[in-house]
Amino acid sequence: MAISTYTLEQFIADMQELVDTGVDQQKLFDTGSVYLERLVTTPEAIPEEYRVPAGSRGRRASHGSYALYRGAGLFVSSVVWGPGDHVGPHDHKTWGMIGVAGNSIQETRYRRVDDRDRDDFARLEKDRTTLVKPGDVSLLVPEVDEIHAMDNFSDRNTFEIHVYGQDLVGLPRCQYSLETGQIKEFMTTRFDNC
């Protein structure tokens, strides 16, 4: 008897069909997170070269960011966090789902507690810290619950699948300084494989 495996191609087809139906965000998250859980519990569905750090090919030797699919209202990528990798508080400006496929990662969520009257300043308050483990899916809700920092405190690589409502390349986003409150705009310009 053959064991059926959920493939990357099936996941993309399922997600694109879901996005194309125009469901509301709650239905998108409810159904999409089930699809993503299926995918990240079969990590071998992702080609090996997208489950390891980019090494000399990328900007950060212990990190890897790979675009897997770009479609109408849907962007899928794999991200590898090497031991000790850290990224400070940042936002996404689109809905997102992040599923851990290998190892684990610490995610710290923040909420804005300022009155948002300045474009260059934000006061953040830590909301929660979660150790996200294989099979877990984290949801990002624009303007509501999307500012987070990521840390791989382990001695192994962490491998994730990221799913967004927009392609991150060229999408203006923000980094936040906890110390000064400064907001700095940034933009992803490319992924390690393109």
Donor on one side chain, acceptor on other, [X] and [Y], under 3.5 Å:
X: Ser62; Y: Asp85; answer: yes
X: Trp95; Y: Gln25; answer: no
X: Asp192; Y: Ser65; answer: no

Do [X] and [Y] come close enough that some side-chain heavy atom pair is under 4.5 Å?
X: Met187; Y: Arg173; value: no
X: Arg70; Y: Gln166; value: no
X: Ile98; Y: Tyr164; value: yes

Taking the inter-plane angle between the rings of Tyr6 and Tyr35 on a 0 to 90° scale, is it parallel (under 30°), tilted (30 to 60°) or perpendicular (over 60°)?
tilted
For the residue pair His148 and His92, does the interplanar ring angle fall in the parallel (under 30°), tilted (30 to 60°) or perpendicular (over 60°) class?
perpendicular
Under a 4.5 Å side-chain heavy-atom rule over Ile, Leu, Val, Met, Phe, Trp and Tyr, are Leu168 and Val79 clustered together?
no
Derivation and outcome, side-chain hydrogen bond (donor to acceptor under 3.5 Å, both in side chains), residues Gln16 and Tyr69:
CA-CA 10 Å; Gln16 190 65 67; Tyr69 177 77; 2.8 Å; yes
Is it true that Tyr176 and Phe121 have ring centroids separated by less than 6.0 Å?
no
Report yes or no: does Thr31 contribute a side-chain atom to a donor-acceptor pair with the main-chain N or O of Leu28 at less than 3.5 Å?
no
Between side-chain atoms of residues 131-142 and protein atoms elsewhere (two or more places apart, or another chain), which donor-acceptor pairs fall under 3.5 Å?
| unit_1 | atom_1 | unit_2 | atom_2 | d |
| --- | --- | --- | --- | --- |
| Asp136 | OD2 | Lys133 | N | 2.9 |
| Ser138 | OG | Glu107 | OE1 | 2.7 |
| Ser138 | OG | Glu107 | OE2 | 3.2 |
| Ser138 | OG | Arg109 | NH2 | 2.8 |

